[in-house]
2 protein chains.
Amino acid sequence: MRNSLVDVVAAALRVLGAQGLEGCSMRRVAAELGVQPSALYHHVPDKQSLLALMADDIVAGVGARARKRAAESREVPGAAGSRPAGTGSAVTRPMAMGPVGSDSAEVNRRVARCMCEELRSTMLATRDGADVVATAAAFRMGASDLEDELAELVGRDGARTLLIYTFGQAQQTQMHRQAAAFGALLGAPADSSGPAARADRPDPAGPSPTESTDGLDEAFARGLDVILTGLAA
Amino acid sequence: MRNSLVDVVAAALRVLGAQGLEGCSMRRVAAELGVQPSALYHHVPDKQSLLALMADDIVAGVGARARKRAAESREVPGAAGSRPAGTGSAVTRPMAMGPVGSDSAEVNRRVARCMCEELRSTMLATRDGADVVATAAAFRMGASDLEDELAELVGRDGARTLLIYTFGQAQQTQMHRQAAAFGALLGAPADSSGPAARADRPDPAGPSPTESTDGLDEAFARGLDVILTGLAA
DNA sequence: ACCTGAACACCGTTCAAGT
DNA sequence: ACCTGAACACCGTTCAAGT
């Protein structure tokens, strides 16, 4: 056997990283594999299915990483047990041991926050990742593992609201940064938050388009706060 | 002169309604106008620009309708002045005259709620409208009239959060309903909220895919509530 | 100003046929 | 099981040329 499904998905992810979603055609994925385009249809029924598999791959491990991060941040304040990130329901009722006055619902919201942050930064880490994941996720909204995990923490409505916001904000961030990167290639200022003061800024090897002075990370944090505050009421 | 830009946009919207976003190609729009594809490039630089113009057309009037609706709903409780929907800043500081205990911030949040509801139902009213508008809007996030109006009511962060949620939830609703409609054509149940009880439901001329038993409208209302509650804190 | 005709460089998908 | 070769029915966009 020459290629398996995982080879196809891996090749597709390589093309995505190199050419972006627009350049991620079936023909290019086939070329990456050194194979005729028609060969792909032995592994996958159509392009949409391939994109869904790519999305699954991109998003894999978000839950586990978020749980770990949440557990670590809980060690800092005052709790005792280190507790290696359990396999699932261990997190359903995490011990209420944060600062004084925190109940289990508040802890759950903190974990939910970690999951959204981890999801967003994971999507942002691969080129056009937010688009790929959001489209595939929207297709089976109400049937994803991540939504179920979030639902146990903040309820169904909370989970849906958080996910919709996280996907949308990530898509926006990625689109904005790719536009900025494109503009930077042309030597254009691309920012212009005000119609004044734009003279000689040499742009001395400024931050990469993946990690930003655009304030979108902070804006995401504030939006998350709004939603989590609303859920606490 | 044979066709103007508005003719092109109108034709494109007709094709969108008839064939959906997928079928809305430059070639089909040209055919709708009885013209060669290349002729379109005299009115529009590329397809993306045409889609942006279509989005503007779809979303036009949302602000005015929302203001009118908000004014009407304010008459019911106890306020006096009918005040025909002003042209702009008249709504910036609406009189605080709702039920007892309401301040101007609460009234502003109510108006913001109307705007999001109006925006959503407007997008849902045209085939694939949510996709068209959301994509175009994401492109100039931070530069749309609607965002500015919302920002005056609930602040910049509130406006962005509300818009991202409204776009995303509308896209999801529209995708879900189109899938349901497609499934219905095949005679499939398409719902299956649980793995039990699915015997003989004759589906007696059920609601159109535009107006729904799927609970997505109510889910939107609840998500909006969460965000607005968070903004009130 | 508005349009035609023809072309360029692509798409996703299908299908008989090979090994 | 995995792949080739060839085709089908499309795309968005460009460009000289017409009126």
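Letters A, B, ... are given to chains in the order of the sequence lines, protein chains preceding strands, and every chain is numbered from 1.
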Please write out the pairs of protein N or O atoms and N or O atoms of nucleotides 7-11 of chain C separated by less than 3.5 Å, giving the distance to one decimal.
from: dC11(C); atom 1: OP1; to: Ser25(A); atom 2: OG; distance (Å): 3.2

Considering all heavy atoms, the nearest Gly223(A)-Thr161(B) contact: CA-OG1, 3.6 Å
Please name the pair of heavy atoms, one in Met54(B) and one in Cys24(B), separated by the smallest distance, quoted to 0.1 Å.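 Minimum heavy-atom contact is CE-SG, 4.0 Å.
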Using the side-chain heavy atoms of Pro37(B), tell me which of these nucleotides is nearest: dT13(D), dC3(C), dT13(C). dT13(D)
Between dA9(D) and dA9(C), how far is it from one P atom to the other, in whole Å?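 Approximately 23 Å lies between the P atom of dA9(D) and that of dA9(C).
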Whole-angstrom distance between dC2(D) and dA17(C), as gauged at atom P: 22 Å
Going from CE on Met123(A) to CD1 on Ile58(A), what distance comes out if it is rounded to the nearest 0.5 angstrom? 9.5 Å
At less than 4.0 Å, is any side-chain N or O atom of His43(B) found next to OP1 or OP2 of dC3(C)? Yes or no.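 Yes, His43(B) has a side-chain N/O under 4.0 Å of OP1/OP2 on dC3(C).
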With a 4.0 Å limit, can you tell me whether Gln36(B) has a side-chain N or O closer than that to the phosphate oxygens OP1/OP2 of dG5(C)? yes
Hey, does the side chain of [X] reach the backbone of [Y] with a donor-acceptor pair shorter than 3.5 angstrom?
| X | Y | result |
| --- | --- | --- |
| Asp157(A) | Arg222(B) | no |
| Gln171(B) | Thr135(A) | no |
| Gln174(B) | Ala130(B) | yes |
| Gln169(A) | Ile164(B) | no |
| Arg160(B) | Phe220(A) | no |
| Arg109(B) | Val154(B) | no |
| Gln178(B) | Arg127(B) | no |

What's touching nucleotides 15-17 of chain C from the protein side, N or O pairs under 3.5 Å?
none

Rounded interatomic separation in angstrom, taking [atom1] from [X] and [atom2] from [N]:
| X | N | atom1 | atom2 | value |
| --- | --- | --- | --- | --- |
| Asn3(A) | dC2(D) | CG | P | 9 Å |
| Leu40(A) | dA1(D) | CG | C1' | 15 Å |
| Tyr41(B) | dG12(D) | OH | C1' | 4 Å |

Could you tell me whether Asp46(B) atom CG has more than 12 heavy atoms of other residues or ligands within 6.0 Å of it? yes
Dot-bracket for DNA chain D, 5' to 3', Watson-Crick and G-U pairs with both distances under 3.5 Å, [ ] for crossing pairs, | for partner on another strand, reads ||.|||||...|||||.||
